[in-house]
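Reviewing the structure listed below.
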Amino acid sequence: EKIWAEGMAAVADPGPARMLALLYAAGRAGMGEGDLYAALKAEGLAKTRQAVGKWLRAAVDAGQVAHPTERGPYIHAGHAG
């Protein structure tokens, strides 16, 4: 079964879609990469922090997620404006 995240390629892994849902739920405060990794790992959806970083970079490139400052949180595009 393939899971689709808007603007991203089809992935067999539900982790990226869940990551976007977590970011949306976090609101304007957003979440850091480490917090996202911990949450996704707790749900059994992330094996490595590097994978979460890759998903975040893809989501930023797709315009789904904003990363306004280099060391700040990632914010879902629905709350970034």
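We're numbering straight along the sequence, starting at 1. Values reported hereafter were calculated over all heavy atoms of this structure, with side chains retained and with hydrogens, waters and symmetry mates removed. What you are looking at is a predicted structure, and each value in this text was computed from that prediction instead of being measured.
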- request: State which residues pass side chain to side chain contact (heavy atoms under 4.5 Å, CB included) with Ala38; sequence neighbours excluded, sorted by chain then number.
  value: none
- request: List in chain and number order the residues that pass salt bridge (Lys or Arg N to Asp or Glu O under 4.0 Å) with Arg49, two or more places apart in sequence or in another chain; answer none if no residue qualifies.
  value: Glu33
message: Could you report the tightest heavy-atom contact between Pro68 and Pro73, atom names first, then the distance?
response: CD-O, 3.8 Å
message: Hydrophobic cluster membership, with links at side-chain heavy-atom distances under 4.5 Å among I/L/V/M/F/W/Y: are Leu45 and Tyr74 in one?
response: yes
- prompt: If we only count heavy atoms from C-beta on, is the Leu22 to Met31 side-chain gap below 4.5 Å?
  reply: yes
- request: Search all heavy atoms of Met19 against all heavy atoms of Ala59 and return the closest pair with its distance.
  value: CE-CB, 4.1 Å
Hphob cluster co-occupancy, Ile75 + Leu20, side-chain heavy atoms under 4.5 angstrom: no
- request: Sequence neighbours left out, what pairs pass side chain to side chain donor-acceptor pair (under 3.5 Å) with at least one residue falling in residues 18-30?
  value: Arg18-Glu43
Any side-chain heavy-atom pair of Leu40 and Trp55 under 4.5 Å: yes
- prompt: Has the side chain of His67 got a donor or acceptor atom that lies under 3.5 Å from a matching backbone atom of Gly72?
  reply: yes
